[in-house]
Amino acid sequence: MTGIPRRSLIAGIAALGAGACAKIAGSETGQSLFDAAEGWHRAAHRALAGRQALAPEYAPEDRSPSFKGNGSLTVDSDFYRRELAGGFPEWRLAIGGLVEQPLSLSLAEIRALPQRTQITRHDCVEGWSAIGEWTGPQLAVLLDAARVREEAQFIVLRCADVLYGKPYYESIDMVDAYHPQTIIAHALNGEPLPEKNGAPLRARIERQLGYKHAKYLTAIEAVASLDDIGQGKGGFWEDLAGYQWYAGI
Amino acid sequence: MRHTLATRLWHWVNAAAIIVLFMSGLNISNAHRYLYWGDYGFDPADAWLKVIRFPGWATLPQHYNLAAARDWHILAAWPFALGLLFIWIAMLVNGHFRRRLSTRMSDWSVSAVRASMCAHAAGSTGADAGYNPVQRILYGLVFGVLLPLMVFTGLAISPGFEPAAPWLVDLLGGRQSARSLHFIAAWGIFGFAVLHIGLALADWRLITAMLTGGHANHEESAA
C-alpha cells in the first residue's frame with residue numbers, strides 16, 4: 001500500500017465506481033430510470049404547485065444590470081442581418097401544425113395583440129441567473145387564434161438559428177403552452193429584443209431552464225407526437241447531448 | 001452499539017446516493033464555476049467565489065458532461081430526499097433521536113466538549129451511555145442542518161419547484177444564494193464524511209455493526 005499514492009488510490013476507487021455508473025448510464029434500463037426520475041420531478045412539481053402556478057415576478061429595481069446572451073448569439077444569414085438592420089419588416093411567425101386556422105403574423109401584428117409584461121428570472125442549465133422584463137402576447141392567445149385541434153399534445157417552437165449544423169428548436173407540453181406566463185416576447189426591458197437575446201421573437205417558458213426559451217422564433221407548430229421532430233427527443237439540446245426534456249429541475 | 005434495520009438500510013442507501021450526488025454535483029459545478037449571492041448572478045466579476053475546475057477523476061461521469069451529470073443528480077436526489085424523510089420519521093418513532101441524538105443545554109458547554117474529547121482520547125468509550133456530547137452535536141447538525149439544507153437548497157434552485165414554495169427561495173436569500181448554500185452544504189457533508197469514514201476505519205467493528213446490526217454487549221469505541 002505504501003507504494004501507492006493516496007490520491008491515486010482514491011482516484012482508482014472513484015474510477016471503479018464511475019465505471020459501473022457508466023455501464024448503468026449506457027444501458028437501456030439506466031436510461032429509462034433517468035427518464036422515470038425526470039418524470040417524477042415533473043409530476044411532483046405540478047402536484048405541489050398546481051399546473052397554472054406562477055413563477056415569481058420581480059420589481060423593476062430587481063432586474064440585473066444586463067442580460068447575458070448564451071447559446072446562439074445571432075443568426076448567420078444575410079436575410080437576418082438585413083432584417084435586424086431594418087427592424088424586421090419581413091419577419092413572419094407561422095402558427096401551424098394541428099390547427100384549424102394556420103396563421104402567419106408580422107411583428108406589427110404580434111405587437112397589436114393583447115400584451116403581457118413580466119419581470120422574471122432566467123435560470124440557465126449551467127447555473128447562472130439573470131432578471132429582465134419581457135413583453136409579448138401570451139402563447140395561449142396565438143394558439144386560440146389558430147384554434148388548436150384536440151389531438152395536439154405538444155407545441156414545437158421553430159427557430160432561425162443554426163448550431164452545430166442543426167436548426168434550433170424546442171417543445172413544451174400543453175400545460176406549459178397555456179400557462180399564463182408563457183409569452184412570445186418581442187421586448188426586453190422596454191426595448192426591442194436585442195440580437196443576442198433572440199431578436200425579434202423568443203419564447204418565455206418561465207418554470208423551466210433557459211434552453212427551453214427558444215430564440216429567433218419563426219414558427220409555432222402544434223403536434224401530436226415529438227417522434228418525427230428533429231431526432232425525436234423534443235429539442236435541440238435534447239437531441240444533441242441528451243439534455244432533459246423537462247427542464248424544471 | 002446496536003443499529004436498527006431502518007438505520008442500517010438508510011445508512012447505505014444514503015451513502016450511495018451522496019456519493020453519486022456529490023460527484024455528479026462537481027461535474028455540474030464545472031458548467032459555471034462562479035458562485036453569487038442574491039437572486040441573479042452571471043458575471044464572474046460579481047462572484048464571491050471562483051470555484052476550481054474539478055478534475056475528471058472526481059466527477060460523475062469522469063469527463064465533463066452536464067446532461068449526463070444532471071441525469072445522475074436528478075435520479076439520486078430521490079433516494080436522498082425520501083431517505084432523509086424516512087430516517088427522520090423512523091428516528092422520531094423508534095426513539096433513536098430522543099435517546100441518542102438529542103442534546104441537553106449542558107452538552108453544548110466547552111467543558112462537556114472537552115470531557116468528550118478527553119474520554120475518547122483516553123480510550124474510555126462508555127458503550128452503554130451511547131454517543132457523547134460531541135457526537136450528539138455533530139450528528140444532530142448533520143441530520144438537522146446539513147442534510148435538510150441540501151434538500152431544501154436543491155428544491156429552491158429548481159425553477160419548476162419554485163412556484164410551489166416561492167417563500168423558500170426568499171428565505172434562502174434568492175436563487176443564487178440558494179445555489180451557493182447548496183455548494184457550501186455539499187462540502188460540509190464531504191467534511192463530515194471524511195471525519196466519519198476516518199474514525200470508522202480506526203475501528204472496523206463499527207463498519208460491520210452498521211452492516212449486521214452489531215451485538216448488544218459489544219464493547220465499542222465510538223466514531
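So that the names make sense, note that chain A is the first sequence line, chain B the second, and so on, each numbered from 1.
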Name the member of [options] that forms the most heavy-atom pairs with chain B at distances under 4.5 Å.
| options | answer |
| --- | --- |
| A/Ser66, A/Cys124, A/Ala22, A/Ala47 | A/Ser66 |
| A/Gln31, A/Arg46, A/His41 | A/His41 |
| A/Val125, A/Leu48, A/Leu33 | A/Val125 |

Taking only residues at least two apart or on different chains, which pairs with a member in residues 180-190 of chain A satisfy side chain to side chain donor-acceptor pair (under 3.5 Å)?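 Only A/Glu57-A/Gln181, A/Arg63-A/Asn189, A/Gln115-A/His186 qualify under side chain to side chain donor-acceptor pair (under 3.5 Å).
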Which of residues 73-84 of chain B have a heavy atom under 4.5 Å from any heavy atom of chain A?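 Expected list: B/Ile74, B/Leu75, B/Ala77, B/Trp78.
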[X] versus chain B, heavy atoms under 4.5 Å apart: side chain, backbone, both or neither?
| X | answer |
| --- | --- |
| A/Gln244 | side chain |
| A/Asp35 | neither |
| A/Ala247 | backbone |
| A/Trp40 | both |
| A/Leu54 | backbone |

Using atom types as modelled, flag every donor-acceptor pair under 3.5 Å from a side chain in residues 149-161 of chain B to any protein atom, sequence neighbours excluded.
from: B/Thr153; atom 1: OG1; to: B/Leu149; atom 2: O; distance (Å): 2.6
from: B/Thr153; atom 1: OG1; to: B/Met150; atom 2: O; distance (Å): 3.2
from: B/Thr153; atom 1: OG1; to: B/His182; atom 2: ND1; distance (Å): 2.8
from: B/Ser158; atom 1: OG; to: B/Gly154; atom 2: O; distance (Å): 3.3

Hey, what's the ring geometry for A/His45 with A/Tyr246, parallel, tilted or perpendicular (30° and 60° as the breaks)?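 Taking A/Tyr246 first and then A/His45, their aromatic rings sit tilted (interplane angle of 30° to 60°).
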Does A/Lys233 count as lying over the ring of A/Trp245, i.e. NZ or CZ under 6.0 Å from the six-ring centre, within 45 degrees of the axis?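 Verdict for A/Trp245: no cation-pi partner in A/Lys233.
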Considering only heavy atoms, which portion of B/Arg179 lies under 4.5 Å from any heavy atom of chain A: side chain, backbone, both, or neither? side chain
Do you see a donor-acceptor pair shorter than 3.5 Å between the side chains of [X] and [Y]?
| X | Y | value |
| --- | --- | --- |
| B/Gln176 | B/Asp39 | no |
| A/His179 | A/Arg51 | no |
| B/Asp43 | B/Tyr34 | no |

Side chains of A/Tyr58 and A/Arg121: closer than 4.5 Å at any heavy-atom pair?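 A/Tyr58 vs A/Arg121: side chains touch.
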So, using side chain to side chain donor-acceptor pair (under 3.5 Å) as the criterion, who are the partners of B/Thr4 when residues are at least two apart?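 Per chain and number, B/Thr4 pairs via side chain to side chain donor-acceptor pair (under 3.5 Å) with B/Thr7.
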Check: B/Trp187 ring centre within less than 6.0 Å of B/Phe22 ring centre: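 Ring centres of B/Phe22 and B/Trp187 closer than 6.0 Å.
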